[in-house]
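This report refers to the structure that appears directly beneath it.
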Amino acid sequence: QVQLVESGGGLVQAGGSLRLSCAASGRTFSSYAMGWFRQAPGKEREFVAAISRSGGRTYYADSMKGRFTISRDNAKNTVYLQMNSLKPEDTAVYYCAARHTYYSGGYSYKPNDYDYWGQGTQVTVSS
């Protein structure tokens, strides 16, 4: 079992930045590919970014490329999402997710493929 706790959300002005953190419990963090998703009111959960087990490969939704950066520190059991140039349309609850995989470069952009989820952290971008 893995428990995930997100932090770092808040209210920022358009053009600003936030750094989200996701702390994971357990001793096998490095066996999980990690992902960030977001969900705005009335919309389906949307893929944001994913990172492989070692952090060597990263993947982004097209709308996030160039603005968001996912990273991980396996020694700290933590994954991060650096968000720059934030826009009002980025307003959503952001969720951290973990997917167990034996493939070192594995990732997924599908919410149903992930095994564990955090409770989410609210990000609000004002204009």
Problem set entry | Within one Ile-Leu-Val-Met-Phe-Trp-Tyr cluster: V79 and V93, side-chain cutoff 4.5 Å | no
Exercise. Got a sec: does the OH of Y109 have more than 12 other heavy atoms crowding it under 6.0 Å?
Worked result: no
Seminar exercise, completed: Interatomic distance, CG@L4 vs OH@Y114, rounded to 0.5 Å, equals 11.5 Å
Seminar exercise, completed: So OH of Y60 and CZ of F47: to nearest 0.5 Å the spacing works out to 9.5 Å
Exercise. Would E6 and L20 satisfy side chain to side chain contact (heavy atoms under 4.5 Å, CB included), going step by step from the backbone distance to the final call?
Worked result: CA-CA 7 Å; E6 302 97 333; L20 306 183; over 6 Å; no
For this session: Look up atom CG in L86 and atom OG1 in T124, then write down how far apart they are to the nearest 0.5 Å.
Result: 10.5 Å
Exercise. Can a cation-pi geometry be assigned to R45 and Y95, taking NZ or CZ under 6.0 Å from the six-membered ring centre and within 45° of the ring axis?
Worked result: yes
For this session: Please check if M83 and F37 belong to a single hydrophobic cluster, counting links between Ile, Leu, Val, Met, Phe, Trp and Tyr side chain heavy atoms closer than 4.5 Å.
Result: no
Exercise. Hey, is the main chain of G55 close enough, under 3.5 Å, to the side chain of R72 for a donor-acceptor pair?
Worked result: no
Exercise. R38 and Y94: side-chain donor and acceptor closer than 3.5 Å?
Worked result: yes
Problem set entry | Heavy-atom side-chain contact between C96 and W36 under 4.5 Å | yes
Seminar exercise, completed: Nearest heavy-atom approach of A40 to A92 is N-CB, 3.9 Å
Problem set entry | Results of ring-ring contact (aromatic ring centres under 6.0 Å, His included) for Y102 - residues two or more places apart only | H100
Problem set entry | Ion pair check, K87 and D90, cut-off under 4.0 Å | no
Exercise. About how many Å separate CE of M64 and CD of E46, when rounded to the nearest 0.5 Å?
Worked result: 4.5 Å
Seminar exercise, completed: Minimal heavy-atom distance between A98 and M34, with the atoms involved, is CB-SD, 3.6 Å
Exercise. Closest approach of S21 and T78, non-hydrogen atoms and distance?
Worked result: CB-CG2, 4.4 Å
Exercise. Hey, quick one: are I70 and F29 part of the same hydrophobic cluster, counting side-chain heavy atoms closer than 4.5 Å, chains of contacts allowed?
Worked result: yes
Problem set entry | Which atom of S31 lies closest to which atom of T28, heavy atoms considered | OG-O, 2.7 Å
Seminar exercise, completed: Here the gap from Q122 atom CD to T91 atom OG1, rounded to the nearest 0.5 Å, amounts to 7.0 Å
Problem set entry | Heavy-atom pair of closest approach, residues G105 and S52 | CA-CB, 4.0 Å
Exercise. More than 12 heavy atoms of other residues, nucleotides or ligands under 6.0 Å from CZ of R19: is that the case?
Worked result: yes
Problem set entry | V48 with Y116, same ILVMFWY side-chain cluster at under 4.5 Å | yes
For this session: Just do the side chain to side chain contact (heavy atoms under 4.5 Å, CB included) check on V125 and E89 with the steps written out, would you?
Result: CA-CA 8 Å; V125 184; E89 50 263 45; over 6 Å; no
Seminar exercise, completed: Contacts of F68 meeting ring-ring contact (aromatic ring centres under 6.0 Å, His included) (sequence neighbours excluded), chain-then-number -> none
For this session: Compare every heavy atom of S108 with every heavy atom of A50, then report the nearest pair and how far apart it is.
Result: CB-O, 4.1 Å
For this session: Mind checking the CG-CD spacing from L18 to Q82? Nearest 0.5 Å is all I need.
Result: 8.5 Å
